**Student:** 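This structure is in C-alpha cells; I'll ask about it shortly.
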Amino acid sequence: MTALGPRPGPRTERLALPGVLSPGQVLRTVEGIAAVQHPDGAIPWFRGHHLDPWDHTEAAMALDAAGEHERAAAAYRWLARHQNPDGSWYAAYPDTPDGVAATEPTDRGRESNFCAYVAVGAWHHYLSTGDDAFLDRIWPTVFAAVEFVLGLQQSGGQIGWRRRADDTVDSDALLTGSSSVYQALRCALAIAEHREEPQPDWELAAGLLGHAIRHHPERFLDKRRYSMDWYYPVLGGALTGAAAKERIEGDWDRFVVPGYGVRCVSPNPWVTGGESCELALALWAMGESDRAVDILRWIQPRLRAEDGMYWTGYVFEDDAVWPEERTTWTAGSLLLAVAALGGDEATTAVFGGEGLPRGLDSDCCG
C-alpha cells in the first residue's frame, strides 16, 4: 500500500455530484477514510474504535470507487489473513489508540451478513480493476465464507443471524441481514460463473432466500421500527420493479424527514447518515435518482464534518450531532451512493444487480 495519500484525478471528478459534493470535497472524504486505515489494511470505524468485517468491506468498496485500488486490495488481504478456519470472521476486533490494529476479537459471535459481505466487496474490486489474479487469490476466502453462511440457512430459506461465541446457532433471522446476504450470494455466484466453477447449491439457496424475503415476512424477526428493514429488501435486490416501489412508498412518510434525512428508528427524532445513503442507493436502483440526490443533499449541512468525514447521526429536535463519532462506513456509504449515481460501472453492477445471477427461481414454491 502506497504511503502517498489520495490525489485528485478522474475518479475524484467522477464522484463529484452537483449540489452534494465537489471534487475537492470528494477528495477530503477519501483522504479521511484512508487516514483511518492501518498499514496492514484494517479499516476500523475510526481510530481507537473496533473493526467489523461488514463495515470494513463497505469502506474498502468506497476506496475502490475512488480509484484507491491498492488500499482496497490491502483491506481484502486483511480479511483473508484473519478468516477463521470455518470461513467466518468474528463480529468485532479492537483497534488500539496507538494506531496498531489488534486482532484478538472483542465479540466472538460470527454474524452471517458480516461474513457474507466479502463476496460483494470481492466482486466490486474485480469489476473495478479487472484483476484476475486478485479473484484467484480471494476465491477460497469467498467460498469458505459462503459455505459458513449457508450453514445457517433455515428450512424456510431465511438465514439465521449468527453463531454465538459458544458455537451454538442463533437461528432467528433478521430481514436486513438476510437481504444483505441475498446480495452477497448473487455476487458470489457471479464470481463462480466468471471462474466457470458452478455452484448449484448456492443457486438453490439464493432462490429460497429471495422467495422468503419477498413472500414470507413471518420468517423474520419483527424489526419494523428500523428503517433498514424497510429499504433493505430493495437495496439487496430481492424486491424490484412495482414491488420495490410499493414497499418504499408504503413507509416513506414514517422514515423520511424532508430536509434532514432518514430516521434510523421510528418514531425517534434521529436521522443517520448510513441509513440515508443506503436509502439513496435503493432509490437509485429503483430508477429514482432525483429523490436519491435529494436525500444526499439533505444530510450535508449537519452530518458532514470539516475533515470530510460524516457524523453518524443528528437529533433534529435537539439540533445536536449524536453520537459524536465520524465513521468510515458512513463516509463509505456516501461515496458508494454518489458512485452509483455517477454511473461507476462496478458500483452500479453490484447494487443495480441487472447482471447478477438470481439463483434458482423458487417463487413457484410455498
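Note that the structure is a prediction, hence the values are computed from the model and not measured.
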**Student:** Please check if W161 and Y182 belong to a single hydrophobic cluster, counting links between Ile, Leu, Val, Met, Phe, Trp and Tyr side chain heavy atoms closer than 4.5 Å.
**Tutor:** no
**Student:** Passes side chain to side chain donor-acceptor pair (under 3.5 Å), H49 versus D95? Steps please.
**Tutor:** CA-CA 5 Å; H49 206 310; D95 183 39; over 6 Å; no
**Student:** Would you kindly confirm whether M309 and F46 end up in one hydrophobic cluster when ILVMFWY residues are joined by side chain heavy atoms under 4.5 Å apart?
**Tutor:** no
**Student:** Atom CD of residue position E249 - does it have more than 12 heavy atoms of other residues, nucleotides or ligands inside 6.0 Å?
**Tutor:**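 Atom CD in E249 is crowded, with more than 12 foreign heavy atoms closer than 6.0 Å.
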**Student:** Flag yes if more than 12 heavy atoms outside R224 fall under 6.0 Å of its CZ atom; otherwise flag no.
**Tutor:**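 No.
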**Student:** Would K245 and E288 pass as an ion pair if we require N to O under 4.0 Å?
**Tutor:** yes
**Student:** Report yes or no: do T29 and R304 form a side-chain donor-acceptor pair below 3.5 Å?
**Tutor:** yes
**Student:** Among T240, I248, L239, whose side chain to side chain contact (heavy atoms under 4.5 Å, CB included) with P233 holds?
**Tutor:** L239
**Student:** Which is it for Y126 and F134 under the ring-ring contact (aromatic ring centres under 6.0 Å, His included) test, yes or no, and what are the steps along the way?
**Tutor:** CA-CA 7 Å; Y126 172 73; F134 164 81; 8.1 Å; no
**Student:** Under the 3.5 angstrom rule, does the side chain of R47 hit a backbone N or O of Q37 as a donor-acceptor pair?
**Tutor:** yes
**Student:** Quick one, T330 with W45, criterion side chain to side chain donor-acceptor pair (under 3.5 Å). Give me CA distance, side-chain angles, the key distance, then yes/no.
**Tutor:** CA-CA 9 Å; T330 300; W45 285 22; over 6 Å; no
**Student:** Give me the one residue out of Y117, Y93, W89, W78 that meets ring-ring contact (aromatic ring centres under 6.0 Å, His included) with H56.
**Tutor:** W78
**Student:** Got more than 12 heavy atoms from elsewhere within 6.0 Å of CD, E345?
**Tutor:**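 No, not enclosed.
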**Student:** Is R186 reaching over with its side chain to a backbone N or O of P357, donor-acceptor style, under 3.5 angstrom?
**Tutor:** yes
**Student:** For residues L279 and L175: do they belong to one hydrophobic cluster (side chain heavy atoms under 4.5 Å, members Ile, Leu, Val, Met, Phe, Trp, Tyr)?
**Tutor:** yes
**Student:** Would you say CG of D290 has more than 12 non-hydrogen atoms from neighbouring residues, nucleotides or ligands within 6.0 angstrom?
**Tutor:** no
**Student:** Has R254 got a side-chain atom pairing as donor or acceptor with S227's backbone, closer than 3.5 angstrom?
**Tutor:** no
**Student:** Name all pairs fulfilling the side-chain hydrogen bond (donor to acceptor under 3.5 Å, both in side chains) condition that reach into residues 146-155, sequence neighbours left out, sorted by first residue then second.
**Tutor:** E147-W202
**Student:** Do other residues, nucleotides or ligands put more than 12 heavy atoms under 6.0 Å from E354 CD?
**Tutor:**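 Result for CD/E354: open.
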**Student:** Are T347 and H124 close enough, and set up right, to give a side chain to side chain donor-acceptor pair (under 3.5 Å), and what steps lead you there?
**Tutor:** CA-CA 7 Å; T347 306; H124 183 262; 3.0 Å; yes
**Student:** L185 versus L150: any side-chain heavy-atom pair under 4.5 Å?
**Tutor:** yes
**Student:** Has T312 got a side-chain atom pairing as donor or acceptor with T272's backbone, closer than 3.5 angstrom?
**Tutor:**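 Not confirmed, T312 side chain does not pair with T272 backbone.
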**Student:** Under a plain distance cut-off of 3.5 Å, with no hydrogens placed, do Y310 and Q300 share a side-chain donor-acceptor pair?
**Tutor:** yes
**Student:** Looking only at side-chain N and O atoms, does T106 offer a donor or acceptor that is under 3.5 Å from a partner on H50?
**Tutor:** no
**Student:** Evaluate the side chain to side chain contact (heavy atoms under 4.5 Å, CB included) criterion for residues H194 and I191: first the C-alpha distance (whole Å), next the side-chain angles of each, then the deciding distance (0.1 Å), finally the verdict.
**Tutor:** CA-CA 5 Å; H194 180 79; I191 297 171; 5.7 Å; no
**Student:** Taking it one step at a time, do L296 and C277 satisfy side chain to side chain contact (heavy atoms under 4.5 Å, CB included)?
**Tutor:** CA-CA 6 Å; L296 298 180; C277 295; 3.9 Å; yes
**Student:** How would you list all residue pairs meeting ring pair (Phe, Tyr, Trp, His ring centres under 6.0 Å) that involve residues 226-275, not counting sequence neighbours?
**Tutor:** W230-F255, Y260-F316, W270-W322
